[in-house]
Structures are given as C-alpha cells and as structure tokens.
Amino acid sequence: MAIQDFDIQVATAQHVDYAPLICEEMAESAKARGTGIAQRSPEYVANKMLEGKAVIAFHKDGTWAGFCYIETWSHGDFVANSGLIVNPVFRKEGLAKAIKERIFKLSRTKYPDAKIFGLTTGLAVMKINSDLGYEPVTYSELTQDEDFWAGCKSCVNYDILMSKGRKNCMCTAMLFDPVEKQKEYENKMQKITHKATLLERIENAIKKRIGSDHV
C-alpha cells in the first residue's frame, strides 16, 4: 500500500455523514493511548466540513481513511490543526503526515498571517510538526483565548493543567510563526548573497593576480 492509494481532499457537505465515525475513532484512539483529548461532537466536526475547514482522506476503494480540521482563536491570530485521526486499518502508511501537510497547506492559504499551533502527546505528531517548521514553545506563547482552554475540560489531564496555572501539562506545545519563518528565510538569503559576493570578490582577485603575472 502506498500514499498514492489515498485521496486527501478538503471536506464538504457530502462528507458530513462520516462525522459520527470520525468522533468515535478519535475517542477510541485516545483511550488506547491512555492519553487525554479534547472531545468534539459529531455536530462540531460536521460543521467544520461545512465551513471548508477540514480535510478528509479516502482509500482508493472508497473506505474512510483519515481526518483533520482547523480551529481559529483570538480573532484569527492563532490557528490550530486539530483532531488528526487515521483509520487503524491504514496506520503506518505515512497517511498521518500527508493529512497533516494538507491541513497545514489549507491553514496557510486561509489564514496566511496566523500563528499555527498544536498541543500533542504523540511523538509521531511532534516529528511531523517539526518537519513542517513548528518549534517547541511554552504555553504562554499560545493563544490565551478562554474558549480554547475550555476545550481541554474533557481531557483526563485537565486537573493537571489547571493545577499548574495553565503553564504546562502532559502535552507538548508547538508553534509555527509565519513572521519568524519569514525572518529566518530573509536571514538565510542574506547569508547566501553575502557568501556569493565574497566568492565573487575572491574570484576577481585571483583573475587580477593571474593577469598581472602574465604581464
């Protein structure tokens, strides 16, 4: 089985019937890992599909394969790619990474100036986030929108979160900051330009030396 066997697309109204299955799989997956998860209702997931803020994956035989959705906080200043889930039948095929890349691309298209963040206990997700340009950060650098943190109430670790004043918990916080990434890119290009200029100067100096030797 290859990643080419899957179709990853922006979810629409035609996919809302999959919402109960997706929510059920999210809950079962969290239970199997023994970790917490902010639970979402089928109605919530279906609404994300209707808003064009989710991606859904299918195997070429038509079987549902995976899902992920976008949440916005602090008036769109922060975006979270949440609810990443892969059908157990299709795990270990690289599908989670492909879905993450697709929802990340959708987020950057819809909210180009927003900071994209995530909270996760999964090492695999951390690796995927890192490959996309996320950096580990403290909780203070995330949205302070009360509605976001209220979503953690259904997590088994909520008491831990609150006992630590929302400063840390079992999840690792990761953030993609488009402004910082642009600065990194500009600095990188500046270094490349400087290096090219330096090499050009050295090359010209060598040519002059060779020319003077021939006189």
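Heavy atoms only: backbone and side chains are in, while hydrogens, waters and symmetry mates are out.
In terms of heavy-atom proximity, Leu106 sits nearest to Val10 at CD1-CG2, 4.2 Å. The minimum heavy-atom distance between Gln144 and Ser74, with the atom names listed, is N-OG, 4.3 Å. Annotation for Ala46 and Val16: closest pair O-CG1, 3.9 Å, computed over non-hydrogen atoms. Minimum heavy-atom separation, Ala65 to His59: CB-N, 4.0 Å. Taking all atoms of both residues into account, the shortest heavy-atom contact from Thr121 to Met170 is CG2-O, 3.7 Å. Across His15 and Ala11, no two heavy atoms sit closer than the pair ND1-CA, 3.5 Å.
Follow the hydrophobic side-chain contacts under 4.5 Å out from Leu161 and you never reach Val156; the two are in separate clusters. Residues Tyr134 and Leu123 share a single hydrophobic cluster, defined by chaining ILVMFWY side chains whose heavy atoms lie under 4.5 Å apart.
Taking 4.5 Å as the limit, every side-chain heavy atom of Met126 sits out of range of all side-chain heavy atoms of Pro136. Between Tyr158 and Cys169 there is no side-chain heavy-atom pair separated by less than 4.5 Å. Within the 4.5 Å cutoff, no side-chain heavy atoms of Ile116 are placed close to those of Leu175. The closest side-chain heavy-atom distance from Gln9 to Phe58 is below 4.5 Å. Between Asp145 and Phe78 there is no side-chain heavy-atom pair separated by less than 4.5 Å. Residues Thr63 and Phe90 are in side-chain contact: their nearest non-hydrogen atoms beyond the backbone lie under 4.5 Å apart. Contact annotation: the side chain of Trp73 never approaches that of Leu142 to less than 4.5 Å [non-hydrogen atoms, C-beta and beyond].
With hydrogens and angles disregarded, a donor-acceptor distance shorter than 3.5 Å links the side chain of Trp64 to the backbone of Gly66. A donor-acceptor contact shorter than 3.5 Å links the side chain of Asn204 to the backbone of Glu200.
Residue pairs meeting the salt bridge (charged side-chain N to carboxylate O under 4.0 Å, His left out) criterion with at least one partner in residues 156-176, sequence neighbours excluded, are Glu146-Arg166. Within the structure, salt bridge (charged side-chain N to carboxylate O under 4.0 Å, His left out) pairs that include any residue of residues 75-91 comprise Glu25-Arg91 (at least two apart or interchain). Annotation: salt bridge (charged side-chain N to carboxylate O under 4.0 Å, His left out) contacts involving residues 112-127, sequence neighbours excluded, comprise Lys115-Asp177, Lys127-Asp131. The stretch residues 11-21 participates, sequence neighbours left out, in no salt bridge (charged side-chain N to carboxylate O under 4.0 Å, His left out) pair at all.
Residue Asp5 holds its CG atom at 10.5 Å from CG of Leu95, rounded to the nearest 0.5 Å. Atoms NZ and CD1, on Lys110 and Ile103 in that order, are 9.5 Å from each other to the nearest 0.5 Å. Between Asn157 atom CG and Leu119 atom CG the span is 11.5 Å, to the nearest 0.5 Å. For the atom pair Met174 CE and Phe117 CZ, the distance stands at 13.5 Å (nearest 0.5 Å). Separating the CD atom in Glu28 from the CD1 atom in Ile85 is a distance of 10.0 Å, to the nearest 0.5 Å. In this structure, CD1 in Ile160 is found 10.0 Å from SG in Cys171, a value given to the nearest 0.5 Å.
For Ser140, the side chain to side chain contact (heavy atoms under 4.5 Å, CB included) partners are Thr138, not counting sequence neighbours. The side chain to side chain contact (heavy atoms under 4.5 Å, CB included) search around Ser163 returns none, not counting sequence neighbours. For Glu24, there are no salt bridge (charged side-chain N to carboxylate O under 4.0 Å, His left out) partners, not counting sequence neighbours. Judged as a side-chain hydrogen bond (donor to acceptor under 3.5 Å, both in side chains), and not counting sequence neighbours, Thr120 has no contacts. For the side-chain hydrogen bond (donor to acceptor under 3.5 Å, both in side chains) test, no residue two or more places apart in sequence or in another chain qualifies with Asp147. Residues forming a side chain to side chain contact (heavy atoms under 4.5 Å, CB included) with Lys48 (at least two apart in sequence, or on another chain): Tyr44, Glu51, Lys53, Ala54, Tyr69, Glu71. Under the rule for a side chain to side chain contact (heavy atoms under 4.5 Å, CB included), the partners of Ala114 that lie at least two apart in sequence or sit in another chain are Val79, Tyr111. In this structure Glu135 satisfies the side-chain hydrogen bond (donor to acceptor under 3.5 Å, both in side chains) test together with Lys181, sequence neighbours excluded.
For Phe176 and Phe104, the ring centers sit closer than 6.0 Å to each other.
The only option from Val86, Leu132, Ile128 that meets the side-chain contact (heavy atoms from CB on, under 4.5 Å) definition with Lys97 turns out to be Ile128.
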